[in-house]
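The structure under discussion appears below in the form of structure tokens.
First listed ligand is number 1; within each ligand, the first listed atom is number 1.
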Amino acid sequence: MKKHLKRLLSIALVLVMVFALAACGSQETTPTGSPSPPQETPQISQSPQAEQPAAGKKVGVVMPTKSLQRWNEDGANVKAALEAKGYTVDLQYADNKQDVQNSQLENMITMGCDVLVIASIDGGALGGVLQQAKAANIPVIAYDRLITNTDKCDYYATFDNYGVGKMQGEFIEQALGLNKGEKGPFTMECFGGDPGDNNAYLFNQGAMDVLQKYIDSGALVVKSGQTKFPDEIAIVNWEAKDAQNRMDNLLTAYYADENIDVVLSPNDSLAQGIVASLISAGYGGANKPFPVLTGQDCDKINVGQIIRGEQSMSIFKDTRDLANQVIAMTDAILAGQQVPTNATYNNGVIDVPSFNCEIKFADKNNWKALLVDSGYYQLSDIPDAQ
Ligand code: BGC
């Protein structure tokens with residue numbers, strides 16, 4: 001009897017672990033944006049605590065731009081966490097220019113960095129510099145964005161990028177009641193991110209895998225007809241002002257006599273531009289409610305937009321988790337131990353062993369618990385928070 005119980009317990013434990021791992025969103029993905037089916041047995045190999053791998057080691061960290069809040073936080077978090085472990089850190093920003101980032105990396109290779117952590121701008125345009133890293137035997141960790149078309153991308157630490165888009169699509173589905181038989185029609189326009197950023201394909205794919213069926217059924221009507229990423233909806237470099245211009249044009253051309261009900265925005269910088277455009281077109285006033293609008297990053301400005309009812313949600317990617325994952329990978333690589341991974345991404349050349357961190361979303365109901373009570377932000381950081 002006791003033995004039987006023990007067996008049942010172990011089966012239950014295995015089942016719980018399988019569900020927990022599935023909930024982590026482990027997913028194999030491709031740079032073209034079409035995710036492969038989830039791995040059957042996603043595997044988390046926890047890194048045993050590395051012993052003193054940091055002593056005398058230098059890590060080069062490159063981030064795309066200082067113009068978005070998230071990358072400033074990412075850079076600061078990674079640097080602080082690495083330094084706390086005893087690493088020396090060279091952190092550089094590249095003003096969204098891949099050639100500038102490539103020079104920074106060349107310099108880091110020459111200066112003898114032991115590991116490179118790269119949040120790329122155009123993930124397919126690092127070729128030459130990665131060959132130099134390979135020749136110098138320097139491990140490369142892609143940070144948040146996959147480095148594509150190379151065999152020199154040793155590890156990838158990120159969030160569940162396909163899951164981000166899917167969560168945005170599902171938010172729209174639920175907000176409109178589409179999954180409860182609500183037939184609309186609702187008017188919608190779609191935005192996509194930078195075409196040089198592999199994540200942008202995955203965000204779009206995840207969202208469209210939820211929403212396309214409603215476009216096909218006529219429940220969602222895209223009056224501009226522009227749904228194809230990247231050709232019709234991409235915003236180069238994720239620029240807020242370009243999203244604003246495109247939204248201005250869409251509103252003038254297609255929504256002069258009718259309100260727009262939904263805007264699919266993959267991230268917060270675009271959502272900022274979209275809100276600016278909506279406000280100048282009179283949304284938020286009588287008879288013109290703000291449309292359902294998605295976002296990602298929970299930038300402070302955007303949390304303010306959520307509080308004021310101008311934006312509906314934003315995906316929360318806790319950059320402290322990502323920083324910790326990078327530190328765990330760096331420690332394990334330098335200690336010659338097994339590197340923690342729970343997913344693989346195909347980058348066009350190889351399957352890159354990867355770690356997907358968990359995502360959540362913030363909206364008007366939970367932003368405070370998720371972002372403030374958790375210690376991620378101070379209440380005073382957020383515009384219009386009480
Ligand atoms: C990141 C997003 C970010 C976007 C623009 C993407 O690669 O995953 O979090 O909003 O770049 O910087």
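- Put simply, no part of F159 is less than 4.0 Å from ligand 1, judged by heavy atoms.
- Under the 4.5 Å side-chain heavy-atom criterion for grouping Ile, Leu, Val, Met, Phe, Trp and Tyr, I359 is connected to V326 within one hydrophobic cluster.
- Just one residue in the list V303, D363, L293, I306 forms a side-chain contact (heavy atoms from CB on, under 4.5 Å) with S314, and that residue is I306.
- Numbered from 1 in the order shown, with element, the atoms of ligand 1 that lie under 4.0 Å from a heavy atom of F203 read 8 (O).
- Remark: ligand 1 atoms within the under-4.0 Å shell around heavy atoms of K317 are 1 (C), 2 (C), 8 (O), 9 (O).
- When each of I215, L176, D261 is tested with M188 by the rule side-chain contact (heavy atoms from CB on, under 4.5 Å), just one qualifies, namely I215.
- When the heavy atoms of D297, T319, L68 are ranked by distance to atom 9 (O) of ligand 1, first place goes to D297.
- By the criterion of a heavy-atom distance under 4.0 Å, the side chain of D144, and not its backbone, is placed next to ligand 1.
- Annotation: cation-pi pair K58/Y87 absent, no NZ/CZ under 6.0 Å from the ring centroid and within 45° of its normal.
- Taking every non-hydrogen atom of N267 and a distance limit under 4.0 Å, the qualifying atoms of ligand 1 come out as 3 (C), 4 (C), 5 (C), 10 (O).
- Considering only non-hydrogen protein atoms, atom 12 (O) of ligand 1 sits nearest to W71 NE1, 2.8 Å.
- Of all the atoms in ligand 1, the ones that sit under 4.0 Å from a non-hydrogen atom of R145 are 4 (C), 5 (C), 6 (C), 7 (O), 11 (O), 12 (O).
- Within ligand 1, the atoms closer than 4.0 Å to a non-hydrogen atom of Q296 are 9 (O), numbered from 1 in the order shown.
- Outside the 6.0 Å centre-distance limit, the rings of Y155 and F355 are not counted as a close aromatic pair.
- Between the D160 side chain and the G163 main chain, a donor and an acceptor come within less than 3.5 Å of each other.
- The distance between the ring centers of F171 and F361 falls below 6.0 angstrom.
- The contact set between ligand 1 and D197, taken as ligand atoms under 4.0 Å from a residue heavy atom, comprises 6 (C), 7 (O), 11 (O).
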